[in-house]
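Below is one structure, written out as structure tokens; comments come after it.
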Amino acid sequence: MRINSKCLNLSLVLGLAACASSGAPAPEPAAPAEAAPEPAAVSSSALGFTSAQADRGRDVFRSACTTCHYSEEFNDQTFKRSWRRSSAGDLYDFIATAMPEDAPGSLPPAQYAEIVAYFLQMNGFEAGSMELPADADALSELSLAPLGG
Ligand code: HEC
């Protein structure tokens with residue numbers, strides 16, 4: 001059987017099914033040779049928080065979280081290391097679904113967003129003129145990579 005090289009190249013990329021010639025039984029479609037690389041994250045996110053929102057978050061934190069946590073836990077190296085590869089959406093999602101540990105999800109969404117704003121402020125993120133939305137999907141656009149650590 002003669003395989004034309006252009007077709008072979010194509011077949012490596014698209015899977016052999018692309019080159020099945022009429023007559024021969026079509027081979028099983030092969031999985032794409034390689035997944036396309038993830039597009040680079042868009043860094044210019046318009047998401048931010050206001051300092052008023054972060055202040056409200058501090059109050060919520062004091063009333064709902066300090067029976068088990070110190071605020072210092074949320075800007076130390078351990079915190080930075082565990083969250084720097086995640087987004088504000090992941091953090092929001094975790095807190096909103098798992099905390100307070102003795103009453104998960106018991107706070108209104110806006111208060112969880114306020115706590116995230118408070119954590120961002122404690123970690124040196126700059127406040128702006130827009131409030132963080134209480135929406136994990138939207139917050140997934142806000143990378144926590146600046147936590148570094
Ligand atoms: C009844 C106790 C309790 C309360 C109240 C509580 N938590 Fe927790 N929280 C825990 C425990 C236990 C863990 C797991 C500790 C660990 O292994 O890191 C945890 C873990 C966390 C983590 C992950 C820690 C990290 O460094 O990644 C976050 C974030 C968090 N809590 C936020 C909150 C917030 C915000 C509140 C208030 C809305 C809250 N917690 C209230 C017990 C509590």
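All ligand and atom numbering here is 1-based and tracks the order in the structure. Since the structure is predicted, the reported quantities are computational estimates derived from the model, not experimental observations. Heavy-atom basis, side chains included; hydrogens, waters and symmetry copies ignored.
- For atom 17 (O) of ligand 1, no protein heavy-atom neighbour is present inside the 4.0 Å cut-off.
- By heavy-atom distance, the residue among F79, F94, F61, F74 lying nearest atom 23 (C) of ligand 1 is F94.
- F125 meets the ring-ring contact (aromatic ring centres under 6.0 Å, His included) test with no other residue; sequence neighbours excluded.
- Between L47 and P133, the closest heavy-atom pair is CD2-CD, 3.6 Å.
- With sequence neighbours excluded, the residues forming a ring-ring contact (aromatic ring centres under 6.0 Å, His included) with Y118 are F61, listed by chain and number.
- Of the possible donor and acceptor atoms, one in the side chain of Q53 sits under 3.5 Å from a partner among the backbone N and O of L132.
- The backbone N or O of M99 sits less than 3.5 Å from a side-chain atom of Y112, completing a donor-acceptor pair.
- Using bins of under 30°, 30° to 60° and over 60° for the plane-to-plane angle, the ring pair W83/F94 lands in the tilted bin.
- Between the side chain of E141 and the main chain of A138, no donor-acceptor pair closer than 3.5 Å is present.
- Taking both residues in full, the closest heavy atoms of A88 and L144 are given as N-CG, 3.6 Å, listed atom of the first, atom of the second, then distance.
- Taking every heavy atom of D102 and a limit of under 4.0 angstrom, the matching atoms of ligand 1 come to 1 (C), 5 (C).
- Protein N/O/S atoms found under 2.8 Å from atom 8 (Fe) of ligand 1, listed by chain and residue number: H69 NE2, M99 SD.
- Residue T67 has no N or O atom closer than 3.5 Å to an N or O atom of ligand 1.
- When the heavy atoms of F119, Y112, W83 are ranked by distance to atom 25 (C) of ligand 1, first place goes to W83.
- Put simply, atom 6 (C) of ligand 1 has protein non-hydrogen atoms near it, under 4.0 Å away.
- If you look at L107 next to ligand 1, the close heavy atoms, those under 4.0 Å, all belong to the side chain.
- Annotation: side chain to side chain donor-acceptor pair (under 3.5 Å) contacts of S143 (sequence neighbours excluded): none.
- Note that atom 37 (C) of ligand 1 has protein non-hydrogen atoms nearby, at separations under 4.0 angstrom.
- Between R56 and D59, none of the side-chain N atoms (NZ, or NE/NH1/NH2) sits under 4.0 Å from a carboxylate O, so this pair counts as no salt bridge.
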